[in-house]
Amino acid sequence: MTTEQNIPQVDENQIIAERRSKLKAIREQGVAFPNDFERKNMAADLHAAFGEKSHDELEAEQVPVSVAGRMMLKRVMGKASFATIQDVSGRIQLFISNDITGEDAHAVFKHFDLGDILGATGVLFKTKTGELSVRVTEVRLLTKALRPLPEKFHGLTDQEQKYRQRYIDLITNEQTRKTFMIRSKIVQAIREFFARHDYLEVETPMLHPIPGGASAKPFVTHHNALDMEMYLRIAPELYLKRLVVGGFEKVFEINRNFRNEGLSTRHNPEFTMIEFYEAYRDYKYLMDFTERLFSEVARRVLGTTVISYQGKELDLGKPFHRLTMVQAIQKYHPQFTDEQLSNRDFLINELQDLKAKYKPEDGVGGLQLSLFEELSEHLLFEPTFIVDYPVEVSPLARASDKNPGITERFELFIVGREIANGFSELNDSEDQEARFDAQVAAKEAGDEEAMFKDADYIRALEHGLPPTAGEGIGIDRLVMLLTDAASIRDVILFPHMRPE
RNA sequence: GGGUCGGUAGCUCAGCCGGUAGAGCAGCGGACUUUUAAUCCGUUGGUCCCGAGUUCGAAUCUCGGCCGACCCA
């Protein structure tokens with residue numbers, strides 16, 4: 001394998017050629033990529049500190065500044081020019097005129113291009129229209145941009161290019177920058193929430209000898225020295241519960257999972273999850289805990305729990321709805337009776353009528369789940385916990401003491417999307433072993449997503465896992481919710497694309 | 001996997017009942033000392049996604065392919 005195939009074709013054009021010749025001239029005059037410019041001020045800080053001052057106040061103070069950033073706009077007017085530069089905090093306008101820099105320096109500036117990285121020193125002032133600006137005494141080219149920016153007003157509209165060349169999207173699109181800043185704040189708020197609840201943050205393997213903790217197809221890779229197949233993890237669950245066996249009673253991990261499945265507006269092959277486990281708790285505690293987490297994160301990141309998603313409003317500060325799977329089906333289809341929904345033949349008939357996907361070998365529980373996914377899941381706009389998941393689709397969850405066919409498990413749906421999955425953990429090693437064996441039988445019968453048996457995990461459980469509750473939350477989907485993003489690709493910096 | 005829409009200058013887009021490609025921005029040259037998507041004058045720039053077919057002639061019509069967006073599975 002060479003890396004050459006990953007390098008896009010060189011696409012030279014007149015604009016790039018022009019800029020290359022400018023760079024060549026700069027090289028001939030000295031250091032073309034200087035790194036000795038001392039930037040002392042950020043655009044946003046200057047606006048915050050001096051934006052309210054009047055023209056006369058600023059003239060009296062003569063505030064010296066040193067700013068740097070990418071030139072986004074340029075307006076040349078003969079003997080004076082304006083330029084707008086952008087740093088990570090925002091934008092500020094430069095004013096360059098023959099009177100101050102001299103005619104030669106101004107002439108050099110006139111040949112700087114949009115997209116170039118500039119450093120400028122000068123004094124703050126206010127223009128006629130009241131815009132805080134820098135009256136430039138010296139402006140330097142710090143990095144020549146050889147490629148032109150997208151059209152300055154419309155920016156980049158082609159989704160493909162926005163994803164493939166995210167750097168351009170970030171340069172030109174304020175909303176994109178904002179989305180990823182919010183993403184960072186969300187993760188930070190989650191970390192702080194768990195730290196405050198005395199959780200230990202851990203890192204467990206990404207390379208697994210046996211993929212486990214979820215029902216999904218793994219990516220396969222090869223370890224040369226050990227000459228063995230390895231799998232990129234589909235979930236960290238079994239490792240985190242080993243840590244609870246070891247006595248870390250509250251643990252969490254925020255990291256990537258990999259699932260070898262299709263791409264969609266809701267699925268990227270690698271995605272970020274937080275999984276957390278707490279000993280001596282159950283799934284009901286987790287639901288309350290999750291409500292607190294979501295409302296707190298929203299409040300800290302957005303300042304409110306009332307959010308708007310794709311034009312509809314919802315409140316993460318209110319208690320979330322809680323429905324059993326059967327209730328969730330009946331909510332939108334009240335014509336179905338409890339008796340019908342616990343009748344295998346009836347369920348299969350309905351699923352066939354709906355042309356829905358289901359596994360014919362499933363029992364009542366699995367068929368109910370298929371019907372729920374077909375009829376109700378996408379309609380659960382307001383936050384809703386669905387409880388009473390059947391044992392057969394929950395091989396790692398503790399069965400209910402009252403009803404052995406169902407587990408102490410929930411999934412959380414918001415805006416019609418699964419966003420979290422939690423349960424009281426199965427800590428009976430013999431039951432767990434029997435469940436693994438059932439999964440292996442299903443895998444041998446052709447279910448590619450069925451789980452492998454992890455003998456060491458059984459051994460760990462045999463040492464005793466305290467009663468424990470655990471949950472996973474999809475960070476990307478949470479970010480979508482809080483940034484009003486329609487596609488998971490809008491919240492992942494470099495989403496997966498077909499190779500160019 | 002199926003359906004719909006799209007791929008034309010560096011970018012944003014027009015042109016599509018067939019007649020050999022246009023605008024705005026960006027670039028280049030010129031005018032302009034408070035502009036802010038600056039303005040005004042001039043000007044350079046094209047594998048019309050790829051391949052085949054129909055035709056005297058294809059960006060335009062037909063078929064196949066590639067890539068993408070959205071919807072469905």
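All chains are named by letter (A, B, ...) in the order of the sequence lines, taking the proteins before the strands, and each is independently numbered beginning at 1.
Taking only side-chain atoms of Gln161(A), from C-beta outward, the nucleotide of U35(B), A69(B), C11(B) with the closest atom is C11(B). Listed nucleotides: U12(B), A26(B), C70(B). Nearest to the side chain of Ser487(A): C70(B). When distances are taken from the side chain of Asp113(A) to each of U34(B), C28(B), C71(B), the shortest belongs to C28(B).
Between U34(B) and G30(B), the two C1' atoms lie 22 Å apart (nearest whole Å). Separating the C1' atom of C25(B) from that of G19(B) is a span of 31 Å, rounded to the nearest Å. Separating the C1' atom of C61(B) from that of G18(B) is a span of 8 Å, rounded to the nearest Å. Rounded to a whole angstrom, the distance from the P atom of G65(B) to that of C28(B) is 44 Å. One P atom belongs to C48(B), the other to U43(B), and the distance between them is 25 Å to the nearest Å. For the C1' atoms, the distance linking C41(B) with U47(B) amounts to 33 Å, nearest Å. Across U33(B) and C49(B), the matching P atoms stand 45 Å from one another, rounded to whole Å. A distance of about 34 Å separates the P atoms of A14(B) and U35(B), rounded to the whole Å.
Between the base of U33(B) and the side chain of Ser97(A) there is no donor-acceptor pair shorter than 3.5 Å. At a cut-off of 3.5 angstrom, counting only N and O atoms as typed in the model, there is no donor on one side facing an acceptor on the other between the side-chain of Glu131(A) and the base of U34(B). At a cut-off of 3.5 angstrom, the base of U33(B) holds at least one donor-acceptor pair with the side chain of Asp99(A).
Atom-to-atom, OH of Tyr358(A) to P of A73(B) comes out at 17 Å; the value is rounded to the nearest Å. Across the protein-nucleic acid pair, Lys162(A) atom NZ and C70(B) atom P stand 12 Å apart, rounded to whole Å. The nearest whole Å value for the distance from the NZ atom in Lys357(A) to the P atom in G2(B) is 16 Å. In this entry the distance linking CG of Leu354(A) with P of C72(B) reads 16 Å, nearest Å. Per the geometry, CD belonging to Glu374(A) stands 9 Å off C1' belonging to A73(B), to the nearest Å. Rounded to an integer number of Å, the gap from CD of Glu18(A) to P of C28(B) is 5 Å. For the pair Glu261(A) CD and G1(B) P, the computed distance is 16 Å after rounding to whole Å. Nucleotide A69(B) holds its P atom 10 Å from the CG atom of Asp490(A), rounded to whole Å.
For the pair Arg135(A) and Phe95(A), the cation-pi criterion (under 6.0 Å, within 45° of the ring axis) is not fulfilled. A cation-pi arrangement is absent between Lys74(A) and Phe82(A) under the rule of less than 6.0 angstrom and at most 45 degrees off the ring axis.
Here Phe413(A) and Phe372(A) bring their ring centres to under 6.0 angstrom of each other. Between Phe336(A) and Phe346(A), the distance from one ring center to the other falls under 6.0 angstrom.
In the model, Thr84(A) has no side-chain atom that pairs as donor or acceptor with a side-chain atom of Arg91(A) under 3.5 Å.
Judged by Watson-Crick or G-U wobble contacts below 3.5 Å, the nucleotide G10(B) has C25(B) as its partner. Pairing for U35(B) is absent, judged as Watson-Crick or G-U wobble with the two contacts each under 3.5 Å. Summarising the base pairing, G57(B) is matched to no nucleotide, lacking a Watson-Crick or G-U wobble pair whose two defining distances lie under 3.5 Å. Taking a pair to require two hydrogen-bonding distances under 3.5 Å in either a Watson-Crick or a G-U wobble arrangement, A69(B) pairs with U4(B). Across the strands present, C17(B) finds no partner; the criterion is a Watson-Crick or G-U wobble pair with both atom distances under 3.5 angstrom.
Using a 4.0 Å cut-off, some side-chain N or O of Lys152(A) falls inside it from OP1 or OP2 of A38(B). Taking 4.0 angstrom as the limit, Gln14(A) places none of its side-chain polar atoms (N or O) nearer than this to OP1 or OP2 of A9(B). Remark: Arg75(A) is in phosphate contact with A38(B), judged by side-chain N or O atoms under 4.0 Å from OP1 or OP2.
No contact: Ser133(A) has no heavy atom under 4.0 Å from any strand. In this structure, Gln159(A) reaches the sugar-phosphate backbone alone: every heavy-atom distance under 4.0 Å involves primed, P, OP1 or OP2 atoms, never a base. Across all strands, Lys22(A) comes closer than 4.0 Å only to sugar-phosphate atoms, never to a base (heavy-atom distances). The residue Leu73(A) sits close only to the backbone: its heavy atoms come under 4.0 Å of sugar-phosphate atoms, none of a base. Looking at heavy-atom distances under 4.0 Å, Thr157(A) makes contact with sugar-phosphate atoms alone, never a base.
Nearer the 5' end of RNA chain B, as judged by each residue's closest nucleotide, is the contact made by Glu151(A), out of Glu151(A) and Thr127(A). Comparing Leu114(A) and Phe125(A) by the nucleotide of RNA chain B that holds the closest heavy atom to each, the one mapping nearer the 5' end is Leu114(A).
Ion pair Asp116(A)/Arg70(A) not flagged as a salt bridge, since none of the NZ, NE, NH1 or NH2 atoms sits closer than 4.0 Å to an Asp/Glu carboxylate oxygen. One finds no salt bridge joining Arg344(A) and Asp362(A) here, because no Lys/Arg side-chain nitrogen approaches an Asp/Glu carboxylate oxygen to under 4.0 Å.
Without hydrogens or angle criteria, Ser21(A) side chain to Glu18(A) main chain gives a donor-acceptor distance under 3.5 Å.
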